[in-house]
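See structure below.
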Amino acid sequence: MENKIVGLGEALWDVLPEGKKLGGAPANFAYHAGQFGLDTLAISAVGEDQLGDETLSALEEKGLKYIMPRVPFPTGTVQVELDAQGVPAYEIREGVAWDNIPFTSEMEKVARSCKAVCWGSLAQRHEVSRNTIHRFLDATPPTCLKIFDINLRQTFYDEEVIRASLKRCNILKINDEELVTIGRLFGYPGLDMSNKCWLILGKYNLDMLVLTCGVNGSYVFKPGAMTFIETPKVDVADTVGAGDSFTASFCAAILKGLSVSDAHQLAVETSAYVCTCNGAMPRIPAELTGRL
């Protein structure tokens, strides 16, 4: 269990109009990073229920390794409604297993040699999982790539939680709507989008800040440099999991030695492909995964 690339946080089922599909940003991240040849692991918790059984069976079927203790809370579900453009709105059930992830000795062992870890704000809405996430991050080596994919959902975040993760990450992944929210929350009035990004990059001493703007393209900011790539036009089935595939492919490319601009290009094309598929965990074609 050494040198893993870890998705840490919520594991749940997205209940979509066509039925339920396994989801949760950390599991999505781990699954997609694994498709690019990385040794990945999803860390969360599931309930002592049938849906928990189905979660572990689905992960095994997809070949995704996991550490997911069974806890006496229901396995998480999210009701997903799609608008005419395939953009999801989420109704996230509370008091579930992934709110109560225990920090185990097995998790600590993984953390101590972890090569990369991705987490968000949602799984930190409850103190138990928030403490587990912090303990995991604080146990990682200095060389670990720590990606905070902020992933604001409903009202399940606050300034304190976000600042604590910004201090622990070296890469921030954020979208344009989340950037507006952070600007209000942190009191950055009058700053345009790029100046907000430069300010956050410098204030928290980040190696990179990745900003996605949906159909309006995406940016990668790093000290002294910025890249922009337009979003390809595709026939969108839904955008569930697209951001996670972007983060996963970007992370994989950086770990495998690609330049930031090449990693950015791969991430853009991968997330565009995922938008053409239903659900968060489609198979990515070899023409993309083969680049690494």
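Predicted model, so just to flag it, every value in this text is computed and none were measured.
- With contacts defined as side-chain heavy-atom distances shorter than 4.5 Å, the pair Val117/Ile43 does not qualify.
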Side-chain donor-acceptor pairs under 3.5 Å in residues 280-292, sequence neighbours left out?
{"unit_1": "Arg283", "atom_1": "NH1", "unit_2": "Tyr31", "atom_2": "OH", "d": "3.4"}
{"unit_1": "Arg291", "atom_1": "NH2", "unit_2": "Glu269", "atom_2": "OE1", "d": "2.4"}

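- Under the 30°/60° scheme for interplanar angles, the aromatic rings of Tyr219 and Phe228 are found to be tilted.
- Residues satisfying the ring pair (Phe, Tyr, Trp, His ring centres under 6.0 Å) test with Tyr90, not counting sequence neighbours, are none.
- There is no side-chain donor-acceptor pair under 3.5 Å between Trp13 and Thr75.
- Between the side chain of Arg70 and the backbone N or O of Gly47, at least one donor-acceptor pair lies under 3.5 Å.
- Under the 4.5 Å side-chain heavy-atom criterion for ILVMFWY residues, a single connected hydrophobic cluster contains both Phe156 and Leu12.
- One N or O on the side chain of Thr140 and one on the backbone of Leu137 form a donor-acceptor pair closer than 3.5 Å.
- You'll find the side chain of Ser218 stays beyond 4.5 Å of the side chain of Lys173, heavy atoms only.
- Note on Lys65 versus Asp39: salt bridge recorded, some NZ/NE/NH1/NH2 to OD/OE distance being below 4.0 Å.
- Under a 4.5 Å side-chain heavy-atom cut-off, the cluster of Ile, Leu, Val, Met, Phe, Trp and Tyr residues that includes Met208 is completed by Ile5, Phe29, Leu38, Leu145, Ile147, Ile171, Val210, Val220, Ile229, Phe246, Phe250, Ile254, Leu255, Val260, Val268.
- Applying the side chain to side chain donor-acceptor pair (under 3.5 Å) criterion to Asp158, with sequence neighbours excluded, gives no partner residue.
- For residues 181-208, there are no salt bridge (charged side-chain N to carboxylate O under 4.0 Å, His left out) pairs, not counting sequence neighbours.
- Formation of a donor-acceptor pair under 3.5 Å by the Ser44 side chain with backbone atoms of Gly9 is found in this model.
- Between Phe186 and Tyr188, the ring planes are perpendicular. Angles over 60° get that label, and only those under 30° would be called parallel.
- For the salt bridge (Lys or Arg N to Asp or Glu O under 4.0 Å) test, residues two or more places apart in sequence or in another chain that qualify with Arg168 are Asp138.
- Cys169 places a side-chain heavy atom less than 4.5 Å from the side chain of Trp119.
- By the 4.5 Å heavy-atom criterion applied to side chains, Arg153 and Arg125 are not counted as neighbours.
- A donor-acceptor pair is defined here as one N or O able to donate and one able to accept, closer than 3.5 Å; no such pair exists between the side chain of Asp149 and the backbone of Gly120.
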